[in-house]
Amino acid sequence: MARNPIRQNEIDERIGKAADRFWSAFQMTENGKVKSTLLLYSFCLCWLFLLVYGLCFALLSAPLDALLLGMGAPVPLINAVEALAPAILGTAICCLVWRLPGDRRLLPAAFLWLAALMLACLITLLILMGWEGAGVVFPFFGMFVLAPLALGCGASWFLYYRHWKKRLPVTEPEPWERQ
């Protein structure tokens with residue numbers, strides 16, 4: 001099947017314009033300010049969240065494993081506790097950002113960045129290991145990535161939704177008040 005070069009050029013041009021619009025949000029304006037501070041701050045915050053979750057898993061996994069193995073707990077219970085306990089603690093620490101003054105969209109945006117990074121990591125792992133390695137990647141991905149992402153995204157969107165519902169409605173001034 002032959003491709004239409006004119007149609008392909010139109011598609012390439014649209015994709016290029018969309019990519020330019022996206023990446024232009026990270027560029028500086030003429031006076032040296034960032035165009036979108038929300039994108040920049042949330043991207044940096046997602047790396048901090050990644051560090052927090054990594055430390056929670058690194059510090060809690062060994063003690064939880066020793067405790068649960070000493071009690072003779074079944075392996076599925078050990079796996080569930082080792083996935084959920086650090087994820088809950090990490091989410092609680094990350095959600096402290098909500099208490100800071102500023103843009104309330106920052107917390108959900110940071111978790112969206114974190115989800116995008118983790119999806120990119122999963123795709124890269126599957127490409128590098130091939131589909132034969134998917135049996136090894138998926139259990140660890142589910143245990144160490146999906147639990148924190150689900151809890152973090154859920155908590156941040158819940159907080160933002162609650163904030164959004166409480167906001168004051170914007171009212172238009174009466175015509176005689178506009179002066």
| said: If you compare all heavy atoms of M143 against all heavy atoms of N79, which two are closest, and at what distance to 0.1 Å? | reply: CE-O, 3.7 Å
| query | Are F158 and V97 joined in one hydrophobic group, where the rule is that I, L, V, M, F, W and Y side chains link up if heavy atoms are under 4.5 Å apart? | reply | no
| query | Is W157 reachable from Y41 through a run of I, L, V, M, F, W or Y residues, each pair having side-chain heavy atoms under 4.5 Å apart? | reply | yes
| query | After noting the C-alpha distance and the side-chain angles of L114 and L149, does the key distance pass the side chain to side chain contact (heavy atoms under 4.5 Å, CB included) rule? | reply | CA-CA 8 Å; L114 194 59; L149 278 181; 4.0 Å; yes
Only pairs under 3.5 Å count here: list side-chain donor-acceptor contacts from residues 58-73, not counting sequence neighbours, and write none if there are none.
from, atom 1, to, atom 2, distance (Å)
S61, OG, F57, O, 2.7

| query | How are the rings of F111 and F49 set to each other: parallel, tilted or perpendicular (split at 30° and 60°)? | reply | tilted
| query | For the atom pair CG (L51) and SG (C46), what is the distance rounded to the nearest 0.5 Å? | reply | 11.5 Å
| task | Provide the closest heavy-atom pair for S42 versus L106 in the form atom of the first, atom of the second, distance. | result | N-CD1, 3.5 Å
| query | What heavy-atom pair brings H163 and R104 nearest, and what distance separates the two atoms? | reply | NE2-CG, 3.5 Å
| request: Given side chain to side chain contact (heavy atoms under 4.5 Å, CB included), test W47 with W113 step by step and report yes or no. | output: CA-CA 9 Å; W47 287 101; W113 274 114; over 6 Å; no
| request: Please name the pair of heavy atoms, one in P108 and one in S156, separated by the smallest distance, quoted to 0.1 Å. | output: CA-OG, 3.7 Å
Which atom pairs, donor and acceptor, lie under 3.5 Å between side-chain atoms of residues 88-95 and protein residues at least two apart or in another chain?
from, atom 1, to, atom 2, distance (Å)
T91, OG1, Y53, OH, 2.7
T91, OG1, A87, O, 2.7

| query | So with a 6.0 Å cut-off around CZ of F141, is the heavy-atom count from everything else above 12? | reply | yes
| Members besides I15 in its Ile/Leu/Val/Met/Phe/Trp/Tyr cluster (side-chain heavy atoms under 4.5 Å) | I11
| field | Within one Ile-Leu-Val-Met-Phe-Trp-Tyr cluster: L39 and L48, side-chain cutoff 4.5 Å | value | yes
| query | How far apart are the C-alpha atoms of L50 and L117, what are their side-chain angles, what is the distance that settles it, and do they pass the side chain to side chain contact (heavy atoms under 4.5 Å, CB included) test? | reply | CA-CA 10 Å; L50 187 64; L117 287 174; 5.5 Å; no
| message | So which atom in W98 and which in L107 form the shortest heavy-atom distance, rounded to 0.1 Å? | response | CE3-CD2, 4.0 Å
| field | Spacing of CG belonging to L77 relative to CD belonging to E82, to within rounding of 0.5 Å | value | 10.0 Å
| field | Cluster overlap L125 with L119, hydrophobic side-chain contacts below 4.5 Å | value | no
